[in-house]
Amino acid sequence: MTRSIFRWFRDISIAKKLYFTVGIMALLIVVELAVLFFSINTLSSVRAYVGGEGLWSKAQKDALYQLLKYARTHDEADYTKFLGFMRVNQGDHKTRMELSKPNPNLDSARQGFIEGRNHSGDVDRMINLFMRFHTNKYIHRAIIAWTEADEVITGFMAIGERLHTAINAKPYSQDEVNRLLAAIDPLNDQLTPLEDEFSYALGEGSRWLETVILRLLLVVAFSVECTGLLLAITVSRSIQKGLREILLSAKAVAKGDFSRKAKSFSRDEIGTLANNFNSMANELNRLGEENKEVNNFLEKKVRQRTAEMESKNKELEQFAYVASHDLQEPLRTISGFVDLLQKEYRPTLANGNGEKYLTYLSQASDRMKVLIKDLLDYSRIGREKQARPIDCNLLMDEVLADLGKSIRDSGANIHTGDLPSLYAYPTELKLLFQNLIANAIKFRHPDRTPEIAISAARDNSHWKFVVSDNGIGIERRFLDRIFIIFQRLHTRDQYEGSGIGLAHCKKIVELHEGKIWVESDPGKGSKFYFTISNDL
Ligand code: ADP
């Protein structure tokens, strides 16, 4: 039973738990108030009896006085007063007799107390006290004293009546009157201890009752406090416990551990939250697994593609190496004969198109020389064994001097920031800057003056350089292609070039244990970034 109540309380909603707690507290407070009300009422009834006893005693004393007076004056008015006072005692007597019956007539009992001059507001509670507590040992003692006193009063009344008869008797006997008067004192003496007993019994009773009430109130107040505290602790503990579980699981999930499940201790909101959290974690886990699969697949694809591109690059590099060496020899022969033709046979060729063809031949062989030089440069990268300290500002001066003609021709503005001194391969680094700046000039926008900026910043273990321009830009889809050798985005009619430059740059940057990449806004310009390691 207790268990099922506990389980029920554990599983109801938090709001209901709080309402229940407040409800129980309110109930206990009502109980406490009821006890208080009952106690005050009972004590007030006892007080009313003590007051009633005072009235009873006074009436009896007044009656005695009037009877003695009547014995002296023989005045009927005094006797009537005696009877009037005696009605007070008789009224209380009537009530006691009525209330002692198994089914008392309450109206009659009420009437008796009113005749006993008790306050009408006290009468009901006095009747209640009698009926409820007549078996209580103190009240019982008081009732016995009252009963005995009533018997004495009956005797007193009888003497009064006999005195009245004696005074009005013909012939009148003073001896008879004296004898009757002498019987009053012993009765009076009997009354005083009975009145005392009545008062003491009630006094003790009320003291006992006060103690009982005080204890009862303490017990109720204590149980209100304890119940409230117990319920509050139970509710807050269950909330704390549940939340702690969820928190621990949330921390585990944040660290990627989906195996820790939040334990659900109840079926209230916290329990539901724990279950929902677990479902969410499961879902996250599932999605994570799916994501992993997708990532693995993509990574595999990227690796495959990179490997493919790298092997293609290797083949091309190999080809460039072989081609550059093998082409050098026949090219030298061609240029030698072109020179010879120009020097020795110019007059012979002057007629017709001979000279024009010779010029074409000479230009083609020059272009081929440049191409072969580029290829040779490209295949020679890394030959230099040792990185050396270089002041990039000085290196940049050299680069700009070499590119002086094209800078002037294009009207380009070059902005160089403060560049660092670092360890690098000077020939290669120079070539790298040259290629990037030359491209920025070459791929300038036809409607704008080229603005080219070169700057550098420290980026952890690397120096990060950026060469930016306001040229024609590169479409997004070509961004990774341009670093592959012989990849050109334009025809030779549009822009002169071999497609070696950026592949060359990439190789140089890799030699410096760095990376190269580009960000570009077609039509607006490009930013070429590259990094160079600090630990060369
Ligand atoms: P190229 O000999 O054609 O200059 P590169 O390898 O230097 O060969 O460049 C490859 C391609 O990248 C170029 O054909 C050009 O389309 C593009 N490119 C390189 N630099 C720039 C730049 N600064 N602005 C726009 N396009 C560029």
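What you see is a predicted model, and the numbers here were worked out from it, not measured in a lab. Counting starts at 1 for both ligands and their atoms, in listed order.
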Donor-acceptor under 3.5 Å (His462 side chain, Phe530 main chain):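 Not at all, since once roles are kept as given, no pair shorter than 3.5 Å links the two residues.
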Ser526 (side chain) donor-acceptor with Asp521 (main chain) under 3.5 angstrom: no
Trace of the salt bridge (Lys or Arg N to Asp or Glu O under 4.0 Å) decision for Arg286 with Glu289: CA-CA 5 Å; Arg286 196 183 61 74; Glu289 291 298 325; over 6 Å; no
Min side-chain heavy-atom separation Asn435-Leu502 under 4.5 Å: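 A side-chain contact is absent here, since even the closest heavy-atom pair is not under 4.5 Å.
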Geometric cation-pi criterion, Lys241 with Phe265: 6.0 Å, 45°: yes
Contact residues of ligand 1, where a non-hydrogen atom lies under 4.0 Å away: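 Within 4.0 Å of ligand 1, protein side: Asn439, Ala440, Lys442, Phe443, Asp469, Ile472, Gly473, Ile474, Ile482, Gln487, Arg488, Leu489, His490, Gly497, Ser498, Gly499, Ile500, Gly501, Leu502, Ser526, Phe528.
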Report, one line per pair, each donor and acceptor closer than 3.5 Å where one atom sits in a side chain of residues 357-367; sequence neighbours left out.
unit_1, atom_1, unit_2, atom_2, d
Tyr357, OH, Asn353, ND2, 3.3
Thr359, OG1, Glu355, O, 2.9
Ser365, OG, Ser362, O, 3.0

